[in-house]
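First the proteins, then the strands, lettered A, B, ... as listed; each starts at 1.
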Number of protein chains: 2
Amino acid sequence: MAVKKGYNNCLDTVRPVRDTLEVINGKWKLPIIISVGIGNERFTDIQDSIDGLTPKVLAKELKDLEQHQLIKRIIIEDYPVKISYRLTPYADTLNPIIFALKDWGINHKKKIFNKE
Amino acid sequence: MAVKKGYNNCLDTVRPVRDTLEVINGKWKLPIIISVGIGNERFTDIQDSIDGLTPKVLAKELKDLEQHQLIKRIIIEDYPVKISYRLTPYADTLNPIIFALKDWGINHKKKIFNKE
DNA sequence: TATATCGCTTTCCTTTAGGAAAGTACTTTA
DNA sequence: TAAAGTACTTTCCTAAAGGAAAGCGATATA
């Protein structure tokens, strides 16, 4: 029989939410995905488009995002060799999350602004 | 005239997303909101419902969430005094975010599972 | 020849998050 | 009187995130 517990079980929701947060955690991953998605393909462009992002952090986050198959790194064999970053189709599945976060942020700022 | 820039501007989306992430950052805030939302009102119940959550972290996160007006702390003047945590109506506005994260997490697990 | 750009890497350092364990003040139950 | 529960706090520690600055090997431009 089941062990007595006084609390309500919320694992059905908490577990997948935590799984998602593990993929998109940190300050930078979603901003980078947004920037690449909007058309910034070059390392320097991505860096310039996001305030406060340092090259070290960008390089690390790009690697993480590549591993999760959200971004692909394309080497263009030209003289000089160029490197281009693109979203994978899978990254598009993050759109509902990005829109939800964006909407909430816009609304939250309104709320705070009207209060004070 | 405008300064030359080679990158596409993504601040319209990045800024509100970052504003939201500042409110719900970390491993624990959304799980706690989910747990309280599902009916866990007591400190110990919330703690027990979320795997790995320590009392120190829970106490800190509850304070943060109170400050952001997502949770209210209710003191029940009984013998002994009891303390109850509830979501504010404002916390309900996070639902689209939570559902989006949940759906993505479920789908992501499927994707990984089918691959390997 | 000198300087600049690109896509990073490297080093060093600070801050923050988070975990383990014990303690505390109070009350209730046996 | 002892043990247990409630809602935390406190201390101590580690790991990870993040920032500042310089460097590097290649090519390109003046």
Problem set entry | Under 3.5 Å donor-acceptor, B/Asn40 side chain and A/Asn8 backbone | yes

For this session: Output the rest of the hydrophobic cluster of A/Ile74: all Ile, Leu, Val, Met, Phe, Trp and Tyr residues reachable through side-chain heavy-atom contacts under 4.5 Å, sorted by chain and number.
Result: A/Ile76

Problem set entry | Donor-acceptor contact present, side-chain A/Asn95 to main-chain A/Asp92, <3.5 Å | yes

Problem set entry | Under 4.0 Å protein heavy-atom contacts per nucleotide of nucleotides 10-23 of chain D, with B for base, S for backbone only and - for none | BBB----SBBB---

For this session: Specify the separation, in whole Å, of atom CD of A/Glu22 and atom P of C/dG18.
Result: 12 Å

For this session: Considering non-hydrogen atoms only, spot the tightest contact between A/Lys102 and B/Pro16 and give its length.
Result: O-CB, 3.5 Å

Exercise. Can you check the B/Ile32 CD1 to C/dA17 P distance for me, whole Å?
Worked result: 13 Å

Exercise. Please, which pairs that meet salt bridge (charged side-chain N to carboxylate O under 4.0 Å, His left out) have at least one residue in residues 21-33 of chain B, sequence neighbours excluded?
Worked result: B/Lys29-B/Glu61, B/Lys29-B/Asp64

Problem set entry | Value in whole Å for how far the P atom of D/dT9 lies from CD of B/Gln47 | 13 Å

Seminar exercise, completed: Nearest heavy-atom approach of B/Ser49 to A/Leu11 is O-CD2, 4.3 Å

Problem set entry | Closest non-hydrogen atom pair between B/Ile34 and A/Cys10, with its separation | CG2-CB, 4.1 Å

Exercise. In whole angstrom, what separates B/Asp45's CG from D/dT6's P?
Worked result: 8 Å

For this session: Could you tell me whether the side chain of A/Arg42 and the main chain of A/Ile83 form a donor-acceptor pair under 3.5 Å?
Result: yes

Problem set entry | Any pair counted as ring-ring contact (aromatic ring centres under 6.0 Å, His included), so long as it reaches residues 82-106 of chain B, sequence neighbours left out | A/Tyr90-B/Trp104, A/Trp104-B/Tyr90, A/His108-B/Tyr90, B/Trp104-B/His108

Problem set entry | Degree of bending in the helix from C/dT1-D/dA30 to C/dA30-D/dT1 once both end axes are built from five pairs, to 10° | 0°

Problem set entry | Distance-minimising heavy-atom pair for B/Val17 and A/Ile98 | CG2-O, 3.9 Å

Problem set entry | Distance, rounded to the nearest Å, where B/Leu58 contributes CG and D/dC8 contributes C1' | 9 Å

Nucleotide N/O to protein N/O under 3.5 Å, stretch nucleotides 4-6 of chain C:
unit_1	atom_1	unit_2	atom_2	d
C/dC6	O3'	A/Arg42	NH2	3.0

For this session: Check whether any side-chain nitrogen or oxygen of B/Lys82 sits under 4.0 Å from OP1 or OP2 of C/dC26, and answer yes or no.
Result: no

Exercise. Using 4.0 Å as the upper bound for N to carboxylate O, is an ion pair formed by B/Lys72 and B/Glu66?
Worked result: no

